[in-house]
Visitor: 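Got a structure here, written out as structure tokens. Questions coming.
Quantities reported herein were computed from a predicted structural model and do not represent experimental measurements.
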Amino acid sequence: MAKSDVDIHVEDIAVANAAKIAILFGLLAVIAAGPVRAQDGKTLTITDDRGVKVEVPLQPKRIASISYFADDVALALGIKPVASTYMTAGREPDFLLGLTAGMKQIGQRAKPNLELLSEAKPDLIVAIRRYTVGNAPQLEKIAPYVAYNMELLDGSDREIAELSRILGNPERGLQLNKEFREHLAEFAAKAPKDVHPRFAIMWGGETPFAFHTENTAASIVAAIGGENIAGNMTPGGEFGVDLSLETMLEKDPEVLFIYDSGPDRPHENNPIWQELTAVKNKRVFYVGDQWVETNGPIAREIVLREAAHYLYPNVFPVVDVKAEAAKIIPAEAQK
């Protein structure tokens, strides 16, 4: 049987990605080997995603995380941060085994409480760039502050490698990246080659916000055969786009992943909602925090497994999120 254009396109992307990955790991190995150290040997100088050089403590002891990314990386290395923001108030994420409950809560990630952050006495603040760059001077008064984009799969390996280096375990960071890329290839190889379900990953609302394919979670779903109705980013554009339900109906996704941030689901009240193929076939999945905060090593692995099951339920098993997380977080950090 002749290959379809979609199959050929998917194979071309796989070959190109393999080449990119080989180059990427070469670069990450160089990065991991070459931090700039202060003369006293107790600090590192890094350049974060603001393009700002920041002197940070070598192996900091009190980490504050504005977003779940630093929690994710630190826990994967066996380190417990002292403070964290949340995505939804009162909900401790399963993909981090609920361990954020033992950290000082410093507010929602888009508006962290700087007074509570200061009370935590961090020696390093790791933050999501777009929500904190405006408060940089205030954050820098509290502790050394580094900001990462935390949006795209292309940046995820680099962010994990760099933070692992700061936290004193660069080898583990590179290992986590290597294992994820291997797992991604394994799942892609096992996924059916003649099925490419149309999907969207979105925040719910009157006008849903859907992730472009370069977004980390969407990249994972696309890598195992999904076809993203939101398409690719425009050069220099945002990682997501507002998609009206009228537009969504036109593109008609077969599978929908919706970030579940609470009981309000206004999109479900629109008559168009019931016309979507994904809704008719009961393939709408309200997903957890890992689908938005996907750039850390634990979140990536769990999203990969969940996506595989939701796209191909007859091929991949149901996922126990906490069981998968427990495989990555060292036992000493789970206490």
Side-chain angles (χ1 to χ4, degrees), residues 17 20-37 41-49 53-81 84 95-97 99 122-129 144-185 216-217 219-220 290 293-304 324-334:
N17 284 345
K20 288 180 182 178
I21 291 167
I23 294 170
L24 175 63
F25 278 112
L27 291 173
L28 291 176
V30 172
I31 290 171
V36 179
R37 302 194 179 206
K42 296 181 181 179
T43 63
L44 306 175
T45 301
I46 61 98
T47 301
D48 69 5
D49 285 348
K53 287 187 176 181
V54 185
E55 189 170 296
V56 299
L58 177 62
Q59 294 185 262
K61 304 301 181 185
R62 299 184 61 81
I63 304 152
S65 181
I66 299 178
S67 94
Y68 287 138
F69 172 72
D71 297 328
D72 190 330
V73 176
L75 287 170
L77 301 181
I79 302 166
K80 280 188 178 179
S84 178
F95 84 99
L96 299 176
L97 296 181
L99 293 168
D123 54 10
L124 177 68
I125 301 167
V126 182
I128 186 168
R129 183 187 62 80
Y145 151 71
V146 295
Y148 295 112
N149 291 327
M150 307 179 192
E151 295 171 352
L152 311 181
L153 183 59
D154 279 354
S156 178
D157 286 329
R158 174 184 54 80
E159 292 163 355
I160 291 169
E162 184 161 279
L163 185 53
S164 297
R165 184 176 80 242
I166 292 170
L167 299 183
N169 197 343
E171 297 83 4
R172 178 59 175 156
L174 292 178
Q175 180 187 22
L176 288 165
N177 285 335
K178 181 174 181 292
E179 289 175 352
F180 171 71
R181 293 295 177 170
E182 291 172 348
H183 297 157
L184 187 62
T216 305
S219 285
I220 291 170
Q290 64 272 17
E293 293 273 11
T294 315
N295 274 43
I298 304 168
R300 293 188 313 190
E301 293 282 4
I302 291 171
V303 167
L304 170 59
E324 293 299 328
K327 294 175 184 178
I328 302 172
I329 300 173
E332 62 270 21
Q334 297 182 31

Visitor: Which atom names give the shortest non-hydrogen contact between Asp49 and Tyr148, and what distance separates them?
Guide: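 Closest approach of Asp49 to Tyr148: OD2-CA, 3.3 Å.
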Visitor: Give, for atom CD of Glu293 and atom CZ of Phe95, the distance between the pair rounded to the nearest 0.5 Å.
Guide: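 The CZ atom of Phe95 is 6.5 Å from CD of Glu293, to the nearest 0.5 Å.
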Visitor: Nearest heavy-atom pair of Ile160 and Ser164: which atoms, and what distance?
Guide: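 Here Ile160 and Ser164 meet closest at O-OG, 2.8 Å.
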Visitor: Measuring from Gln59:CD to Leu124:CG, what's the distance to the nearest 0.5 Å?
Guide: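 Output value for this atom pair is 12.5 Å.
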Visitor: Just by modelled atom types, is the Glu324 backbone N or O under 3.5 Å from a matching donor or acceptor in the Glu301 side chain?
Guide: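 Here the side-chain-to-backbone pair does not exist.
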Visitor: Tell me which pairs pass side chain to side chain donor-acceptor pair (under 3.5 Å) where either residue lies in residues 71-81, with sequence neighbours left out.
Guide: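 Matches after skipping sequence neighbours: Asp71-Ser84.
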Visitor: Run the side chain to side chain contact (heavy atoms under 4.5 Å, CB included) test against Leu152 and tell me which residues pass, sequence neighbours left out.
Guide: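 With neighbours one apart ignored, the set is Glu214, Met233, Phe239.
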Visitor: Tell me the closest heavy-atom pair linking Ala70 and Pro81, and the distance in Å.
Guide: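 Heavy atoms only, the tightest pair is O-CG, 4.3 Å.
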Visitor: State whether a side-chain donor-acceptor pair under 3.5 Å links Glu179 with Gln175.
Guide: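 Judged by distance alone, the side chains do pair up.
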Visitor: What distance do Phe69 atom CZ and Ser156 atom OG have between them, rounded to the nearest 0.5 Å?
Guide: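 Rounded to the nearest 0.5 Å, the CZ-OG separation comes to 6.5 Å.
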Visitor: Please report the closest heavy-atom contact between Pro144 and Pro57, naming both atoms and the distance.
Guide: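 Heavy-atom minimum between the residues: CG-CD, 4.0 Å.
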Visitor: Taking all heavy atoms of Ile302 and all of Gln290, pick out the closest pair and write down the distance.
Guide: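 Taking Ile302 first and Gln290 second, the nearest heavy atoms are CG2-NE2, 3.9 Å.
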Visitor: Shortest non-hydrogen contact from Ala76 to Pro297?
Guide: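 Heavy atoms only, the tightest pair is CB-CG, 3.8 Å.
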Visitor: Report the C-alpha distance between Glu159 and Asn149 in whole Å, list the side-chain angles of each, state the deciding distance to 0.1 Å, and finish with yes or no for side chain to side chain contact (heavy atoms under 4.5 Å, CB included).
Guide: CA-CA 9 Å; Glu159 292 163 355; Asn149 291 327; 4.2 Å; yes
Visitor: Show your reasoning for whether side chain to side chain contact (heavy atoms under 4.5 Å, CB included) applies to Glu162 and Ile46.
Guide: CA-CA 8 Å; Glu162 184 161 279; Ile46 61 98; 3.8 Å; yes
Visitor: Charged N to carboxylate O below 4.0 Å: is that the case for Lys178 and Glu182?
Guide: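 Yes.
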Visitor: Would you give the length of the straight line joining atom CD1 of Ile166 to atom CG of Leu77, rounded to the nearest 0.5 angstrom?
Guide: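 With rounding to 0.5 Å, CD1 (Ile166) is 11.5 Å from CG (Leu77).
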Visitor: So if I apply the side-chain hydrogen bond (donor to acceptor under 3.5 Å, both in side chains) rule between Arg300 and each of Asn295, Thr294, Asp157, Thr216, which one comes out positive?
Guide: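 That would be Asp157; it is the only one of Asn295, Thr294, Asp157, Thr216 passing the side-chain hydrogen bond (donor to acceptor under 3.5 Å, both in side chains) with Arg300.
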Visitor: Applying side chain to side chain contact (heavy atoms under 4.5 Å, CB included), run through Thr43 and Val56 and close with a yes or a no.
Guide: CA-CA 5 Å; Thr43 63; Val56 299; over 6 Å; no
Visitor: Please name the residue in the list Leu163, Ile79, Ile298 that meets the side chain to side chain contact (heavy atoms under 4.5 Å, CB included) test with Val73.
Guide: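 Of the listed options, the one satisfying the test is Leu163.
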Visitor: Calculate, to the nearest 0.5 Å, the distance between atoms CG and CZ belonging to Asp123 and Arg62 respectively.
Guide: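 Result: 7.5 Å between the selected atoms.
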Visitor: CD1 of Ile328 to CG of Leu75: how many Å apart, nearest 0.5 Å?
Guide: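 If we round to the nearest 0.5 Å, Ile328:CD1 and Leu75:CG are 11.0 Å apart.
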Visitor: Counting C-beta onward and ignoring hydrogens, is there a side-chain heavy-atom pair between Val126 and Ile66 closer than 4.5 Å?
Guide: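 SC-SC contact between Val126 and Ile66 ruled out.
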